[in-house]
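Quick caveat: nothing in here was measured; it's all calculated off a predicted structure. Residue numbering restarts at 1 for every chain, and letters A, B, ... go by the order of the sequence lines.
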Amino acid sequence: MSLKGLHRKFKNTEFEGTEFDPIAAFESEGIPENPHHIPMNRFSEPSNDYSQYFEKIESTHTKLARALKKLNDYQLQAVFSNDKKVLLSAMVGSGKTTVLTHKILYIHFIKGVPLSQMAVLTFTNKAAREIKERILSFYENSTPPDNNELRYFGTFHSIARQLLKEHPNLEKLGFTSTFSIMDQEAKEDFLQRLILSHELDVKYRNKLDKRLKLYRNEKQILYGNMKKPDDLDQLLKLSREEKQANNLMDFDDLISVANWLLNQQKTFLPNWIIVDEFQDCNNEQLEFIRYLNGIQTHFFAVGDPNQSIYAWRGSTSKIFKNYIEDSSCKIMRLPFNYRTSGQILNAASCLLQEDENALQATRSEGKKLIIRNHFDDHQEAYYYVQKFKELYGKGAAWEEIAILFRTRQQITIFESIFQLEGIPCEVVSKTSLREQIALFWLQKLLLSGLHPNDMDSILQVFTSSDFGCLNAGKRLLTTFNKFTEGKKFESKLEAFSYFLSVKHKKHNQHIELSQKLLGLPDYLCSKKENQDLYNYLSLDVFLKPTSINYQEYVSDIKIALKELDHYTSKNYFGDWLEIYQAAMSQVNLEGHFQINNGIQKISNGVRLLTIHAAKGLEFDYVFLSGANSGIIPLERKKASHDHLKEEKRLLFVALTRARNHMEISWHTQSNAWNAQDGPSYFLNSIPSSLIEKLSPSVDAPIPKHEEEIKIESKASLKWQIGTKVKHPKYGTGEIISANTQDVICDFGKFGEKSFASAWAPLVKV
DNA sequence: TCTGGGTAAATTTTT
DNA sequence: TTTACCCAGA
């Protein structure tokens, strides 16, 4: 039943006089209890004496023994356990990564399991890197393991890629082991190109990804106002064929093709499978784990059912249920939170409705959870300006302050006001390579040289508005297709090079570039000494030393090439071409060229981020902004019980990011259409003794009017008619009109688009 | 090619 | 509530 229906049904009946509680309403409808819930009696409790283990470790590995001594009994139980199947329910802030790394070290050093016999699976590169770094830091005086030994430590996708490359049957599917990986954006380009060159009729083209998902999962072909099916079906078929023909896989293919092959023949059965953030697994990832699971394999998964906030992305909601019901699975827990001060943690755990003992505070009581009312987001932003200056004055670091939001749209206004008022701030979100023009081009350049059938990369190289020579679009595709019809070429790149030399004779520099790209594999294999890709490809010619951005482009590219050089030398095993291909796959999987060590972020400033982006992070001071009902939980047309529960866990995640100070704000007059009056009704489940309700302090400066801010921020902007700009969706365009209100931009094939001047998502090219 | 009616969707994001 | 855009008719 829909939320509205429930509301009607329960209004003026059971819930008369009290606020309508959709979760309770759903539950009284007879919807089963939380599948994430693990009953207390299901947990195996630790013993209180692990000294027998220590005697043995101390005599041989003093450093490890010293590290393990710092752990509590629950953590030691998980580290020492030798059960075949363990699920560790790690409460928020309970030292999950510590347990994970110590467990790996323990089974390696004490149980003698080689690292190459472990599959350590994570969801993000960041987590994978952290685990590897912590392990390497244990090898102070001895030779650390090399990358080859750690080749099954990584993200699901990178391990799937590794197994695909090693699989003997890969070629039977039409792929070779040097397949290239398309990131999300490359996949979009790929599909759009297929639509153009095959003249397909596909509706809602900029919602393609969503439509494909609906089609794959629910066979739904109609979308929005569509009355009859379009060519989506045909697009999928063409896409499959083209991917095989050109040796390309997208992120989803990595896992699904790996599963398909492993189903035919299992090639790697590790001694141990260790999974991080287990609650985020989707069905395909679970299947992947099952294919790695041999008779001898030990399985150890760590997750937190209370931090499951990615069901919308496909994580399996019943994931814990199956393990709870499986009696061969030992279930352990880490109940002690070391991060958040007592009162805030207690308030957060009121959102869980779990057993009381599940989550226990270890820190002192600290301050209460603050719920503060602001008139609107402007007033709130100015309140923070004052507040943060005060905190900074008292010695707090900017980086220890974070403002969390439910949606990204809420962030922009804070960013512009902080910039005006001189509060250093940084929006935390993953940046796409596409935003760094030179690096994006370099990526496509190398990809076309290394994978000469990757048509999309070739097109990006030669139709780049900055460094290319041709115009992208349908006309180019048709003429190229016509030109190659009936002719035989070794590769798409060769065909394109020939096409250029016949049809576009005047672009001799680009013709030369295409020939250099054709020779790239040979160059890499023969001239490893003093390799200099920058000069080999004569990049100076294309980056144009006279252009304003020349210096920036050159330094970006040189740093990137250095990273590649480092990576390829470090991982070299006898084939330079292959290692460069591997390096570029890594760039695709990570979304940047910094593939060797951690991403050094040398920024300082208050962090502005969504709650989702904040998962796994912690700060001294956390502010959750604009938490009205309707925003948390975010109102949708079709609300479901599961959706609401997930939103509640999201609020839980937000509150548990804080170490010492947690403040939730709500607005009297919100700018969001779906915001209702009053703070999130989820907060009603927190007893008032744990909450301090406040209004902004009276001496806060009078907030500036919205118009004023728009004008001021416009003054610092650069929208002038004729400026070339880049938009994340529409690509490059040109400003054709700009005033205090809006800016209108022409994007060629996408036509003219208008944006609000103050926060148009445009980047000057 | 342009206009207006009608209807669904709007959010979170890693690889 | 506002936006996007399909689709039918001018």
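- None of A:K126, A:R129, A:K96 except one satisfies the salt bridge (Lys or Arg N to Asp or Glu O under 4.0 Å) rule with A:D276; the exception is A:K96.
- In this view, A:Y215 satisfies the ring-ring contact (aromatic ring centres under 6.0 Å, His included) rule with no residue, not counting sequence neighbours.
- Nucleotide B:dT14 holds its P atom 14 Å from the CD atom of A:Q285, rounded to whole Å.
- Per the geometry, CG belonging to A:L208 stands 15 Å off C1' belonging to C:dA4, to the nearest Å.
- Nearer to the 5' terminus of DNA chain B, by closest-nucleotide assignment, is the contact made by A:Q220 (compared with the other of A:E646 and A:Q220).
- The CE atom of A:M226 sits 13 Å away from the P atom of B:dA8 (whole-angstrom rounding).
- Where A:W673 and A:Y223 each meet DNA chain C at their nearest nucleotide, the meeting point lying more 5' is that of A:W673.
- For the OP1/OP2 pair of C:dC5 and a distance below 4.0 Å, the side-chain nitrogens and oxygens of A:N206 include at least one atom meeting the criterion.
- Here B:dT14 is the nucleotide among B:dT14, B:dT11, B:dT13 with the atom lying nearest to any side-chain atom of A:K430.
- Under a 3.5 Å cut-off, the side chain of A:Q285 and the backbone N or O of A:N282 do form a donor-acceptor pair.
- As a whole-Å value, the separation of A:K203 NZ from B:dA8 P is 17 Å.
- Between A:R406 atom CZ and B:dT11 atom C1' there is a gap of 5 Å when expressed in whole angstrom units.
- Residues satisfying the side-chain hydrogen bond (donor to acceptor under 3.5 Å, both in side chains) criterion with A:T176, sequence neighbours excluded, are A:T178, A:N247.
- With sequence neighbours excluded, no residue forms a ring-ring contact (aromatic ring centres under 6.0 Å, His included) with A:W666.
- With sequence neighbours excluded, the residues that form a ring-ring contact (aromatic ring centres under 6.0 Å, His included) with A:F123 are A:F156.
- For A:Q184, the side-chain atoms get nearest to B:dT15 when compared with the rest of B:dT11, B:dT15, B:dT12.
- Nucleotides C:dT3 and B:dT13, compared at atom P, are 22 Å apart to the nearest Å.
- Taking only side-chain atoms of A:T610, from C-beta outward, the nucleotide of B:dT13, B:dT11, B:dT14 with the closest atom is B:dT13.
- Taking atom CG of residue A:L214 and atom C1' of nucleotide B:dA9, one finds them 12 Å apart after rounding to whole Å.
- Between A:H167 and A:W260, a ring centre-to-centre spacing not shorter than 6.0 Å is recorded.
- For the ring-ring contact (aromatic ring centres under 6.0 Å, His included) test, no residue two or more places apart in sequence or in another chain qualifies with A:Y567.
- Residue A:N588 is out of contact with every strand shown, counting any heavy-atom pair closer than 4.0 Å.
- Residue A:L634 places its side chain closer to B:dT11 than to any other of B:dT11, B:dT13, B:dT15.
- For the P atoms, the distance from C:dT1 to B:dT12 is 22 Å, rounded to whole Å.
- Listed nucleotides: B:dT11, B:dA10, B:dT15. Nearest to the side chain of A:T124: B:dT15.
- A:N125 has a side-chain polar atom (N or O) that falls below the 4.0 Å cut-off from OP1 or OP2 of B:dT15.
- A distance cut-off of 5.5 Å between ring centres, combined with a plane angle under 30°, leaves A:F251 outside any stacking arrangement with the base of B:dT14.
- Atom pair A:D642:CG and B:dT12:P shows a separation of 21 Å (rounding to whole Å applied).
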All N/O pairs under 3.5 Å across the protein-nucleotides 2-6 of chain B interface:
residue	atom	partner	partner atom	Å
B:dG6	N2	A:N225	ND2	2.0

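- Rounded to whole angstrom, the span from the CZ atom of A:F156 across to the P atom of B:dT13 amounts to 21 Å.
- Comparing A:L589 and A:W312 by the nucleotide of DNA chain B that holds the closest heavy atom to each, the one mapping nearer the 5' end is A:W312.
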